Amino acid sequence: MALKINKISVRQIPALGAGFHSDGGGLYLRVKDTGSRAWVFRFTQHGKTREIGLGATHSQGLADARKVAEKMRRARHEGKDPADVIKVSEQTQDNNTFKSCAEELIKTKKAGWRNAKHAQQWENTLRDYVYPEIGHLPPSEVSLAHIKKILLPIWTDKTETATRVRQRIESILDWASVHGLREGENPARWKGVLDIVLPSPNKVRTVKHFTALPYDELPKLMKNIRTKTSLSAYCLRFVILTAVRSGEARGATWSEIDLIKSIWTIPARRMKANIKHRVPLSKEAISILKIIKKTRDEELVFPGIKGAIQSDATLSKFLRSLASDITVHGFRSTFRQWAAEKTNYPSAVCELALSHVNKDKVEAAYQRSDLFDLRKKLMKDWCIYLN
């Protein structure tokens, strides 16, 4: 009996409703309720139905899908695994592998990431830990066994890295599902999947806090820093006086600063919580800005080499020349400890000074003010204490 194939016409593809539509010979057009359309090759093996994704219709035409399906039928006839056809298919390598999905996701998300290094970190971890195992596979073939093989060797020794790798694989597979390249449970999802087979990251990872200087020792260090006149010295003083994150200060521009009103407004795109943050500037902070303004004419307040943003390593190196056992970020903890033990300001004021987001959604709904006037007094008292 002749094999009935080529049942679907090109014109039918955009009109067919949700479900599986046979083109014959194991090739199907899968249409989801969302409207996404993708080609799949379905066959029965050992009493179970297997399904191999061939790509979405926008990247794989009907003619190409039929060519791949024909190769898969031939592979089955020869007793080979049809999935092997995918591994050597140039079209699939270009459009429908896990690696290509990852590259598309990164390209799409890149514009929304505040830090250019974020994309590089994605690419590096995927290159080192993920692509060697599943980069060549179609996303529909990625299984829990693959995820375990990737994560188990690094889950205990490199827990932080392993956690990020897992999150990135999960995002890529979700992207593939949305684009019709896989369906079913995401094997990289934590809740209900990996939390059953892996220990919680919090139980195997020792949380390392940034080393902070006791607040009663900070005035002495500030006195030492004030004797230095490098941009790193001015930047570090500014970080301490404003209690901001290092990157927020190093990326500060003159357009963000109002010297007359003594207010520094950091745009949302540069904030960790993606929320605009107003910083009240003390007299010493303003004096630092005026000194720099007189001697430099660049958009960045604390520029690094060739006008680029001063690196975190440069600022850390300067701090190590004064005190080797503390970190720049630790000064935020120093400030918070001082505010808690030496002042009577409400906790909400102190937390807002650090631009922390209120995790209590009910309280946050009622507390919509940034409490700027109280924070202005708090930062003034902080400046006085440091002197």
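Predicted model only: the values in this text are computed from it and were never measured.
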N/O donor-acceptor pair under 3.5 Å between Arg332 side chain and Leu354 backbone
yes

Beyond-backbone contact of Ser230 with Phe318, side-chain heavy atoms, under 4.5 angstrom
yes

Are Glu248 and Arg270 ion-paired here, with the side-chain N under 4.0 Å from a carboxylate O?
no

Ion pair check, Asp174 and Arg189, cut-off under 4.0 Å
yes

Between the side chain of Ser287 and the main-chain N/O of Glu284, is any donor-acceptor distance below 3.5 Å?
yes

Under the side-chain hydrogen bond (donor to acceptor under 3.5 Å, both in side chains) criterion, do Arg245 and Ser355 qualify, and how do the steps go?
CA-CA 9 Å; Arg245 298 176 182 86; Ser355 67; 2.9 Å; yes

Roughly how far apart are Leu281 CG and Ile286 CD1, rounded to 0.5 Å?
4.5 Å

Under a 4.0 Å threshold between the charged nitrogen and the carboxylate oxygen, would Arg30 count as salt-bridged to Glu51?
yes

Do you know which two heavy atoms are closest between Ala83 and Glu141, and how far apart they sit?
CB-OE1, 4.2 Å

Salt-bridge contact Arg127-Glu123 (side-chain N to carboxylate O under 4.0 Å)
no

Hydrophobic clustering (ILVMFWY, side-chain heavy atoms < 4.5 Å, transitive) - are Leu173 and Val197 grouped together?
yes

Heavy-atom nearest pair, Asp23 first then Ile8, reads OD1-N, 2.9 Å

Please answer whether the main-chain N or O of Pro132 pairs with a side-chain N or O of His136 as donor and acceptor at a distance below 3.5 Å.
no

Could you give the distance from CZ (Phe238) to CG (Leu289), rounded to the nearest 0.5 Å?
4.5 Å

Arg37 side-chain N/O to Pro14 backbone N/O, donor-acceptor pair under 3.5 Å:
yes

Point-to-point distance, once rounded to the nearest 0.5 Å, from CG of Leu213 to CG of Leu218:
5.5 Å

Who are the salt bridge (Lys or Arg N to Asp or Glu O under 4.0 Å) partners of Glu351, not counting sequence neighbours?
Arg336

Leu371 and Ile263: same hydrophobic cluster, using ILVMFWY side-chain contacts below 4.5 Å?
no

Least distance between heavy atoms, Pro187 atom then Leu194 atom:
O-CG, 3.7 Å

Treat each ILVMFWY residue as a node, draw an edge where side-chain heavy atoms are under 4.5 Å apart, and state whether Ile52 and Tyr28 are in one component.
no

Between Glu299 and Ser255, a side-chain donor and acceptor under 3.5 Å:
yes

Classify the ring geometry between Trp338 and Phe335 as parallel (under 30°), tilted (30 to 60°) or perpendicular (over 60°).
tilted

Single-linkage hydrophobic cluster Leu62~Val40, side-chain heavy atoms < 4.5 angstrom:
no

Exactly one candidate in Thr125, Ile147, Val142, Ile150 meets side chain to side chain contact (heavy atoms under 4.5 Å, CB included) with Val130; the answer is Ile150

State whether the number of non-hydrogen atoms from other residues, nucleotides or ligands found under 6.0 Å of Lys109 atom NZ is greater than 12.
no

Using a strict cut-off of less than 4.0 Å between a Lys/Arg side-chain nitrogen and an Asp/Glu carboxylate oxygen, indicate whether Glu217 and Lys220 qualify as a salt bridge.
no

Would you say the side-chain atoms of His179 pair up with the backbone N or O of Ala176, donor to acceptor, closer than 3.5 Å?
no

Taking atom types as modelled, is there a side-chain donor on Arg50 or Gln45 under 3.5 Å from an acceptor on the other?
yes

Is there a side-chain contact (heavy atoms from CB on, under 4.5 Å) between Leu315 and Leu319 once you walk through the steps?
CA-CA 6 Å; Leu315 202 59; Leu319 176 59; over 6 Å; no

Does the Arg375 side chain pair with the main chain of Val349, one donor and one acceptor, at a distance under 3.5 Å?
no

Would you call Arg74 and Glu70 a salt bridge, taking side-chain N to carboxylate O under 4.0 Å as the test?
yes

Please answer whether the main-chain N or O of Cys101 pairs with a side-chain N or O of Trp175 as donor and acceptor at a distance below 3.5 Å.
no

Whether the side chain of Thr44 engages the backbone of Gly47 through a donor-acceptor N/O pair (distance < 3.5 Å, no angle test) should be reported.
no

Taking every heavy atom of Trp190 against every heavy atom of Leu198, the minimum-distance pair comes out as CH2-O, 3.6 Å

Starting from Ile305 and following side-chain heavy-atom contacts under 4.5 Å between hydrophobic residues (I, L, V, M, F, W, Y), which residues can be reached?
none

Minimum heavy-atom distance Pro303-Arg296, with the two atoms named
CG-NE, 3.8 Å

Run the side-chain contact (heavy atoms from CB on, under 4.5 Å) check on Ile5 and Leu27 step by step: do they pass?
CA-CA 8 Å; Ile5 58 175; Leu27 179 62; over 6 Å; no

Less than 3.5 Å apart, any donor N or O on the side chain of Gln310 or Ser232 sitting next to an acceptor on the other?
yes

In this structure, would Ile266 and Leu259 fall into the same cluster of hydrophobic residues linked by side-chain contacts under 4.5 Å?
yes

So, do Phe302 and Tyr234 have ring centers that fall under 6.0 Å from each other?
no

More than 12 foreign heavy atoms under 6.0 Å from NZ of Lys32: is that the case here?
yes

Do Asn124 and Tyr129 come close enough that some side-chain heavy atom pair is under 4.5 Å?
no

For the ring pair Tyr215 and Trp382, is the centre-to-centre distance below 6.0 Å?
no

When you compare the side chain of Leu54 with that of Met72, does any pair of heavy atoms fall below 4.5 Å?
yes

